[in-house]
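These numbers come from the heavy atoms of this one structure, side chains and all, not from hydrogens, waters or symmetry mates.
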Amino acid sequence: MDLVGACRVFVHVGERGSFTLGAEAAGVRQPVASRRVSALEEHLGAPLFDRSARRAQLTAFGRDLLPTARHLVALADDLGEEAERALSRPVTLAVPDVCTPLDLAHLDAEARGSGLHLDLRPVARAERRSLLNAHQVRLALETVPADEASWVVPLGLAGTHEPHARGVRLEALRVGRDRVGAAGRRVWITPEDDVPHVRDRLARVRDAVGLRPGQVAPARSVAGALTEVLTRDDLLLCSAHQARELSLDWLPLRDTVLERGYRLSGADDDAGARVHEHLAGALARFLGARAGGGDDA
């Protein structure tokens, strides 16, 4: 039996003294209202209305229970409203600050189409974990190695490349012995990718092909690295999606495989599950990623 539904009919009929008017107020047909009241009476163990009276007259038992039934219905209504507010409360999600306003708008629009409300917070990699720890966001896209990731972004080098080139090798940046003192072209690592599973692997390739230590360098910001790319013909380590946004040519690395992995982290398991269920594809497009093989956090 639907106890709340039966109590709702009981309250409306009892307050109006009429099954017809009570059923209308409860939003059901009169036969349904009668069945619900009968089921409630059977559940409670005594009649709520005097069936011999012409009107829907409450019994003494019915008068005693009406205030409690009214309170139960009010609590059920409050619970429904609270649930609706909870579902519509925006999910605060910390995302990479390398994403553009257009990326953010597309993700937000897809979320709304799925009935989710997001409050997107574009912040640097280190800040995303800090916001989670401080409970200032409910969820965050954290960078992790590709084998632990839900979304994996292939990385390559962006800059000015030869037409029709299929890839770039770091050894092509090697400075000849006859150019003593020359700095050579550099590869800039932005803060988003300045993590051991990217930085250290790139450094090993740098050493293996004979580049100078300073030819692979961390950048303080994307803007600062981009300035070096535009003025010195340096190269930027980034995703193909990011290169397009920066109007740069992008090629994959031929010396090694470098990938930026992302995982959705946070203590709000329910919000995380809803985001994964409805927005996994949208987040892949947002990040410029392919699906990864790691477990969800």
Side-chain angles (χ1 to χ4, degrees), residues 83 85-156 189-202 218-222 237-242 245 257-297:
R85 282 194 293 270
L87 288 172
S88 62
R89 181 164 60 99
V91 176
T92 48
L93 172 60
V95 299
D97 60 353
V98 297
C99 299
T100 68
L102 184 59
D103 293 328
L104 296 169
H106 279 305
L107 179 60
D108 196 17
E110 291 203 46
R112 292 187 190 184
S114 300
L116 283 171
H117 300 271
L118 298 181
D119 179 4
L120 298 170
R121 309 280 181 88
V123 291
R125 174 181 50 80
E127 287 184 69
R128 298 200 289 274
R129 171 44 63 178
S130 297
L131 289 176
L132 270 181
N133 291 340
H135 303 289
Q136 294 181 26
V137 297
R138 295 166 71 182
L139 301 170
L141 284 169
E142 290 198 284
T143 54
V144 294
D147 59 358
E148 302 174 16
S150 299
W151 299 276
V152 177
V153 182
L155 297 175
I189 304 174
T190 65
E192 186 69 17
D193 297 312
D194 193 9
V195 290
H197 59 272
V198 174
R199 180 186 63 242
D200 294 351
R201 178 175 291 186
L202 190 59
R220 292 185 178 180
S221 66
V222 174
L237 182 71
C238 65
S239 68
H241 178 72
Q242 191 176 359
E245 296 295 338
V257 175
L258 295 177
E259 295 172 316
R260 182 191 295 165
Y262 288 102
R263 179 177 61 196
L264 195 62
S265 299
D268 194 333
D269 295 335
D270 177 64
R274 284 189 287 133
V275 169
H276 262 293
E277 178 183 358
H278 297 290
L279 295 179
L283 282 168
R285 291 185 290 275
F286 172 73
L287 297 167
R290 60 177 175 80
D295 294 330
D296 298 337

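When every heavy atom of Leu104 is checked against every heavy atom of Val95, the shortest pair comes out as CD2-CG2, 3.8 Å. Considering all non-hydrogen atoms of both residues, Leu283 and Leu141 come closest at CD2-CD1, 4.0 Å. Ala282 approaches Leu107 most closely through the heavy-atom pair CB-CD1, 3.9 Å. The shortest heavy-atom contact between Ser265 and Glu142 is OG-OE1, 2.9 Å. Residue Gly266 comes nearest to Leu132 through the heavy atom pair CA-CD2, 3.8 Å, listed as atom of the first residue, atom of the second, then distance. Closest of all the heavy-atom pairs between Val152 and Ala146 is CG2-O, 3.9 Å.
Between Val98 and Arg260, the closest side-chain pair of non-hydrogen atoms falls below 4.5 Å. His276 is listed as a side-chain neighbour of Ser150, based on a closest heavy-atom distance under 4.5 Å. Using a 4.5 Å heavy-atom cutoff, the side chains of Leu264 and Leu93 are in contact. Side-chain contact between Val153 and His241 is absent, with no heavy atoms from C-beta onward closer than 4.5 Å. At a threshold of 4.5 Å between non-hydrogen side-chain atoms, the residues Leu118 and Leu279 count as touching. Using a 4.5 Å cut-off on side-chain heavy atoms (C-beta onward), Thr143 and Tyr262 make contact. Pro96 has its side chain within reach of Leu287: a pair of non-hydrogen atoms, C-beta onward, lies under 4.5 Å apart.
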- I would like to know whether Asp193 and Leu202 meet side-chain contact (heavy atoms from CB on, under 4.5 Å); could you show each step before the answer? CA-CA 11 Å; Asp193 297 312; Leu202 190 59; over 6 Å; no

- Show the numbers, then the answer: is there a side-chain contact (heavy atoms from CB on, under 4.5 Å) between Thr190 and Leu237? CA-CA 7 Å; Thr190 65; Leu237 182 71; over 6 Å; no

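In this structure, the separation between OG on Ser114 and CZ on Arg274 is 11.5 Å, given to the nearest 0.5 Å. The NE2 atom of His278 lies 13.0 Å from the CD atom of Glu110; values are rounded to the nearest 0.5 Å. Rounding to the nearest 0.5 Å places CG of Leu120 at 11.0 Å from CG of Leu139. Atom CG in Leu102 sits 6.5 Å away from atom CD in Glu245 (nearest 0.5 Å). Going from atom CG of Asp194 over to atom CZ of Arg199 covers 5.0 Å, rounded to the nearest 0.5 Å.
Asp103 pairs by the salt bridge (charged side-chain N to carboxylate O under 4.0 Å, His left out) definition with nothing, not counting sequence neighbours.
With salt bridges taken as basic N to acidic carboxylate O contacts below 4.0 Å, one links Arg128 and Glu192.
Put simply, the side chain of Arg201 gets close to the backbone of Val257: a donor and an acceptor are under 3.5 Å apart.
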